Number of protein chains: 2
Amino acid sequence: MKPFHAYKNPALAVDLAVFGYSDNELSVLLLNRRDEPFAGGWTLPGAFLQMEETFSDTCSRILQTKLGMDKLYLEQLYTFDDPGRDPRGRAISVAYYALVNPATLQVSAGTMAHDVKWMNHKKMPPLAFDHREIYKMALQRLRSKMLYFPVGFELLDDEFTMTELHELYECVLDMSLDRRNFRRKILASEYILPTGAKREGLQNRHPELYSFNKKLKPSNFQLNINLS
Amino acid sequence: MKPFHAYKNPALAVDLAVFGYSDNELSVLLLNRRDEPFAGGWTLPGAFLQMEETFSDTCSRILQTKLGMDKLYLEQLYTFDDPGRDPRGRAISVAYYALVNPATLQVSAGTMAHDVKWMNHKKMPPLAFDHREIYKMALQRLRSKMLYFPVGFELLDDEFTMTELHELYECVLDMSLDRRNFRRKILASEYILPTGAKREGLQNRHPELYSFNKKLKPSNFQLNINLS
DNA sequence: GTTAGTTTGCGTCAGATTAACGCAAACGAA
DNA sequence: TTCGTTTGCGTTAATCTGACGCAAACTAAC
């Protein structure tokens, strides 16, 4: 029997929706294409899977190349198979999304490739291929996931104030949440703990600092917020 | 430039976790393998993607071949990429799950291929490849999805009694749910409506018949049942 | 038909949860 | 020191939940 790869198989791409959060803005990492098709257009960063790679390897390779760092929070999203999605031929795309916190975002400013750019998620340009669809699904997944899984913390630094966490949720979900009720629910979940520390730059320790409680299993984090 | 398929690409398989429900039992469609590797072992039904096919096409082809019918409820689950998952070489598996209602299940009894069998989900044999993992993820997805999305109805006939729906949920979730509270919540969601009909075989119309309300958008179906 | 046991539909109620909002101490800028 | 803002904590009414009672509708046995 011939080896699998001797048969005609579609190309396998891995595409990434990388979200970054800083200064109350949610951004997405976009790549400005140099080559045809869609030369000059915007896409999500991606790469073709090499024979020996896992998806996770490919993600790391993309992130290293474009951001100069990997080891971010990473989650598989969906696999897109529209036969017409790439004009060059049949290509399947396995989409992942990644989350970048402000510190990493700042560091990456120095190591980022010249052909990528952080774009505010409210000012997204048209995207090539079916990348708009991928991006939309990623945002939707992030939004619904942060309601029942402590995933939002991945977008913040290790230590954060309640206000910062609150603003993150309001920003990503694009809705206003009562500050006091949000605090009560988040604290009741016990997924964040006060650190007792005082942040550099602050004169006092009034805005308390919290950190994500990594010892708890994330199974029953539940914010009970109704979208729609 | 060479066409994509001229490069070395992994094989792309589509594997299906097909759930059937009847007589208060949840079953999974298993295939008894004839060829190596794992000859004689059990697997989920699957097939390699043909160049012109969409995943959905491949699913239909598998279901036609093995069940003699397609057009079931179908949802993409996850794409598995462990390089060692197939001893024959690199193969990616895109997993879907499908739901079959009792009527279809009954019809399929006559059209089913001889090498497949419905297996009670509590009596699953060891599965070849990484199919145990796929099956477990499918069951988990079904369980969590039916709590916030009206997907359970796909496992029942068009018309059903409240008791049947209640038993379905208890069976699939493998937990007991208070009959009266379940009724209250389900009816409050307005996703099922009384049909006013009387079922054949029943002498009276006391156990009321209901049907899924397809006019409602399934976005805010919420049963608020706590797993774990 | 009558009777006895089961199923089904509906209601009650105490306790928990939620949304909306008040308030004062802590803070920072003038 | 003063004043407007931020932050932490509390209150309350309305709603939701889980646990369970009850009788009408039904079935099966006699």
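Residue numbering restarts at 1 for every chain, and letters A, B, ... go by the order of the sequence lines. These values consider heavy atoms only, across backbone and side chains, with no hydrogens, waters or symmetry-generated copies. As the structure is a computational prediction, the values presented were derived from the model and not from experiment.
Side-chain N/O atoms of A:Arg184 include none lying less than 4.0 angstrom from OP1 or OP2 on C:dT18. A:Lys185 has a side-chain polar atom (N or O) that falls below the 4.0 Å cut-off from OP1 or OP2 of C:dA19. At D:dT7, one or more side-chain N or O atoms of A:Thr163 fall inside 4.0 Å of OP1 or OP2 (strictly under the cut-off). Within the 4.0 Å cut-off from OP1 or OP2 of D:dT17, at least one side-chain nitrogen or oxygen of B:Asn224 is found.
Remark: P of D:dG8 and CZ of A:Phe182 are 13 Å apart, rounded to the nearest angstrom. Regarding A:Arg183, its CZ atom lies at a distance of 17 Å from the P atom of C:dA19, rounded to whole Å. Residue B:Ile225 contributes atom CD1, which lies 15 Å from atom C1' of D:dA19 at whole-angstrom precision. Here the C1' atom of nucleotide D:dC9 and the CG atom of A:Asp178 are 13 Å apart, to the nearest Å. Between B:His166 atom NE2 and C:dC10 atom C1' the separation is 16 Å, expressed in whole Å. Between A:Leu223 atom CG and C:dT17 atom C1' the separation is 14 Å, expressed in whole Å. Nucleotide D:dT17 holds its P atom 13 Å from the CG atom of B:Leu147, rounded to whole Å. B:Leu177 has its CG atom 15 Å from the P atom of D:dC20, to the nearest Å.
In this structure, of C:dG9, C:dC21, D:dT17, it is C:dG9 that holds the atom nearest to the side chain of B:Arg179. Among the nucleotides C:dG9, C:dC21, D:dC20, the one closest to the side chain of B:Asn181 is D:dC20.
Considering only heavy atoms from C-beta on, A:Phe160 stays 4.5 Å or farther from A:Leu168 through its side chain. With a 4.5 Å cut-off on side-chain heavy atoms, B:Tyr191 and B:Ile186 do not count as touching.
Formation of a donor-acceptor pair under 3.5 Å by the A:Ser108 side chain with backbone atoms of A:Thr111 is not found in this model.
For a distance-only test at 3.5 Å, the side chain of A:Arg180 qualifies as a donor-acceptor partner of the base of C:dG22.
Checked by atom type, the side-chain pair B:Ser60/B:Asp57 shows no donor-acceptor distance below 3.5 Å.
Between A:Phe182 and A:Tyr169, the distance from one ring center to the other falls under 6.0 angstrom.
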